[in-house]
There are 4 protein chains.
Amino acid sequence: MQESYCEKKEAILASAMELIAEHGFHGTPTSMIAEKAGVGTGTIYRYFESKDELIYALHKELERKIKKLILDRYNPNDPLRVRFMLLGKVILRYFIDNPNEFRFLEQFVYSPYGIACRREKIFGNNNQDNGNDILKELFNEGIAQQVIREMPVAILHSLFFGPIMSVARDRILGFIELDEAMITRTIESCWNAVKL
Amino acid sequence: MQESYCEKKEAILASAMELIAEHGFHGTPTSMIAEKAGVGTGTIYRYFESKDELIYALHKELERKIKKLILDRYNPNDPLRVRFMLLGKVILRYFIDNPNEFRFLEQFVYSPYGIACRREKIFGNNNQDNGNDILKELFNEGIAQQVIREMPVAILHSLFFGPIMSVARDRILGFIELDEAMITRTIESCWNAVKL
Amino acid sequence: MQESYCEKKEAILASAMELIAEHGFHGTPTSMIAEKAGVGTGTIYRYFESKDELIYALHKELERKIKKLILDRYNPNDPLRVRFMLLGKVILRYFIDNPNEFRFLEQFVYSPYGIACRREKIFGNNNQDNGNDILKELFNEGIAQQVIREMPVAILHSLFFGPIMSVARDRILGFIELDEAMITRTIESCWNAVKL
Amino acid sequence: MQESYCEKKEAILASAMELIAEHGFHGTPTSMIAEKAGVGTGTIYRYFESKDELIYALHKELERKIKKLILDRYNPNDPLRVRFMLLGKVILRYFIDNPNEFRFLEQFVYSPYGIACRREKIFGNNNQDNGNDILKELFNEGIAQQVIREMPVAILHSLFFGPIMSVARDRILGFIELDEAMITRTIESCWNAVKL
DNA sequence: CATGAATGAGTTTTCATTCAT
DNA sequence: CATGAATGAAAACTCATTCAT
């Protein structure tokens, strides 16, 4: 692994994540990030070309984590429904337990950053994106097995994950309570949306 | 002449909507809004106390429109499923046909503006918010009729509208195609998520 | 009197005086003056070339009033000391009774406006300035009678009126009390500064 | 290096003093101060929270200097009259030699800044203000010795310093000449105003 | 490598002044 | 004459980025 672990870089990423989650991109000057990270302002620019690059790095890192989460829990031997239920629960749980990462992701996705990023991922020559590939396969497998409705994968994705994001949001902002049973029922509903 | 229709104010609102949809709140200086609207920069401040107030006004206007849309289509004599299907389709169609408004709304909702606004609406003494009340009643009616799963209204809301927003987004950004049949199938899926 | 009395002009002058006394030159937009005067903003420019001209007019008006005050009370048959005492008391009393005019005058005198104005008056071809002439005569008469110290009139002026302005200020801002007896004693002191 | 002497901060203060003396607070944009100081506009805000804070700092600095001046010359063993004469002369001389500081002070004192400042000093819990305390003591001592008229200290202050400021002003604006002998005679007159 | 003082382009906002009605 | 909507130049202030140390 040539990306030698660097304490300062990690500190910058962690500070940025926390601060942006709370104050937003434009409410978080680089000086604030540097201060919280305990480094000089200039130091940020040794590790990232620009503030934008830092934000993209943050997103990439987060995406990597979530993909890992998916891959870790993905057991191809489980029945499809079980795999979906597990996936949904794991992701919802992850966001509830990591509200800063959720708040960051949300802000990223719906900002010009996220649009550009998403566009790149879909229309760019997406060489390897094995996290999404898993999801894609999962949906396709479900369609082939006639367990999931035959619809474009992107729509199935929205049907299954749209509510999860929305519920996570309400939970994190304190608008709803959410015990284990209710999480299960919620993911069940998501499944009902895509199943045949 | 009630509400003294004001050409310049309308032009400012329209320009702001369009530009913010594309460039985001912070990528849209007031000078840019003024220029596109064909007015002087100072003119904005004759109609809005500040840039923030302009943004809130934009949101309020949009909310009003959407509520009207809901109320117009809401026929209490239709069966529940029909009402939901209609509602989902109307909203999805509206966003597809008004992509700037959708892009604006999305950015608003996930920004500090939107969070404050939502919090106010939920925890504030929400005097009369008859657009949401309709939705709330709709869900409660469904639960009472044992047609909809017995879950907190906020979660049902997420289950039904989460995917709609997500699909609208993909459509507007050009990531998916969406003909009338697919819209119907998508809303059906949303219904499946909440139905018993 | 060709300067035909004009209600609106008077209203503008009165409003400006009051507002500037309280908020200062730069804390008083023309729109505020117009509103208080009950006229349109544009109307100000029918009577005054610019905001600066309005301010100069205000000062001129005030100076005229004070000169009148002096001339009214000036009885050449009184002994010099009596004339001075009366003058001092009348002026101090005027400022105490008209705090807005005092606050305006003070701000004017010590601002770039006042400097320019004063310079003009001293070095310009001061055709007729009979208010100051009276004062000048008064001091010269005192010197001639060997009742007043032989010093440049400007210095005598400072010695006599400097304390009066300073005391008026403290009184108006509420820093000191000032009954009739104390006023008399104060003016006596001013006299002591200039008398032989 | 105590107080870490900072070249740029000094340059900003000096430029601000000079420019405000000439053009007034509102005639001196921060950009002008920065340019004259040979720094970027942003640099001002590294050293001062706001333009207002810069102005307060300027005043504080000046007050400190003047207090030092007073304390340096104050010899409690001199007869009272001598002490007063010396004080008056020193202060008048200082203003004549530092016209920018005088012009600044004058504008400050008669502006909302100065009023607030003065009010604070009089009514606030003035912990230690040993410059003014010296003056206060001086007047009280004079009263006790029956050398100075028994009047409120604030009024005595006006009687003694009012003319000094007024004369300094006339001198600085070039309205009068003022040689050493005339300075002495002027301060004598100030003394005559307060002496018994 | 790391720093943080310095920068100045860019942002929001104000307000004296104009001019079509 | 009177108006007040419209203007845009100018102001205070911020902050991503650089670079000398």
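Throughout, a chain's letter reflects where its sequence line sits, starting with A, and its residues are numbered from 1. None of these values were measured; they are calculated from a predicted model.
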ask   = NA contact type, B/Tyr47, heavy-atom cut-off 4.0 Å: base, sugar-phosphate, or nothing?
value = sugar-phosphate
In whole Å, I'd like the distance from the [atom1] atom of [X] to the [atom2] atom of [N].
| X | N | atom1 | atom2 | answer |
| --- | --- | --- | --- | --- |
| D/Lys51 | F/dT14 | NZ | C1' | 17 Å |
| A/Glu35 | F/dA16 | CD | C1' | 16 Å |
| B/Leu54 | E/dT13 | CG | P | 10 Å |
| A/Ile12 | E/dC1 | CD1 | C1' | 12 Å |
| A/Glu53 | F/dT17 | CD | C1' | 14 Å |
| A/Phe48 | F/dT18 | CZ | C1' | 18 Å |
| B/Glu7 | E/dT21 | CD | C1' | 16 Å |
| D/Ile55 | F/dA11 | CD1 | P | 14 Å |

request  = Would you state whether a donor and an acceptor, one from the side chain of B/Arg46 and one from the base of F/dA5, lie under 3.5 Å apart?
outcome  = no
Donor-acceptor pair under 3.5 Å, C/Thr41 side chain vs F/dA5 base = yes
ask   = For the side chain of B/Thr28 and the backbone of B/Gly24, is there at least one donor-acceptor N/O pair under 3.5 Å apart?
value = yes
inquiry  = Donor-acceptor check, side chain of C/Lys51 to backbone of C/Phe25, threshold 3.5 angstrom: yes or no?
reply    = yes
remark   = Whichever of D/Tyr45 and C/Ile44 has the more 5' nearest nucleotide on DNA chain F, that residue is C/Ile44
request  = Scan residues 16-32 of chain A against DNA chain F and write down, sorted by residue number, each residue with any heavy atom closer than 4.0 Å; if none is found, say none.
outcome  = A/Pro29, A/Thr30
Out of [options], which nucleotide sits closest to the side chain of [X]?
| X | options | result |
| --- | --- | --- |
| B/Thr43 | F/dT3, F/dT17, F/dT7 | F/dT7 |
| B/Val39 | F/dT3, F/dT17, F/dT7 | F/dT7 |
| C/Lys8 | F/dA2, F/dT14, F/dA6 | F/dA2 |

Does a side-chain N-to-carboxylate-O contact under 4.0 Å join [X] and [Y]?
| X | Y | result |
| --- | --- | --- |
| D/Glu63 | D/Lys60 | no |
| B/Lys36 | B/Glu18 | yes |
| B/Arg169 | B/Glu106 | yes |

Calculate, to the nearest 0.5 Å, the distance between atoms [atom1] and [atom2] belonging to [X] and [Y] respectively.
| X | Y | atom1 | atom2 | value |
| --- | --- | --- | --- | --- |
| B/Thr41 | B/Ile33 | OG1 | CD1 | 11.5 Å |
| B/Tyr45 | B/Glu53 | OH | CD | 11.5 Å |
| A/Glu49 | A/Tyr56 | CD | OH | 13.0 Å |

ask   = Are there more than 12 heavy atoms of other residues, nucleotides or ligands under 6.0 Å from atom CD of C/Glu35?
value = no
ask   = For DNA chain F, what dot-bracket results from Watson-Crick or G-U pairs at under 3.5 Å, with [ ] for crossers and | for inter-strand partners?
value = .||||||||||||||||||||
key: Residues forming a ring pair (Phe, Tyr, Trp, His ring centres under 6.0 Å) with A/His26, sequence neighbours excluded   = B/His26
note = The residue, C/Glu49 or D/Gly42, whose nearest nucleotide of DNA chain E is more 5′ is D/Gly42
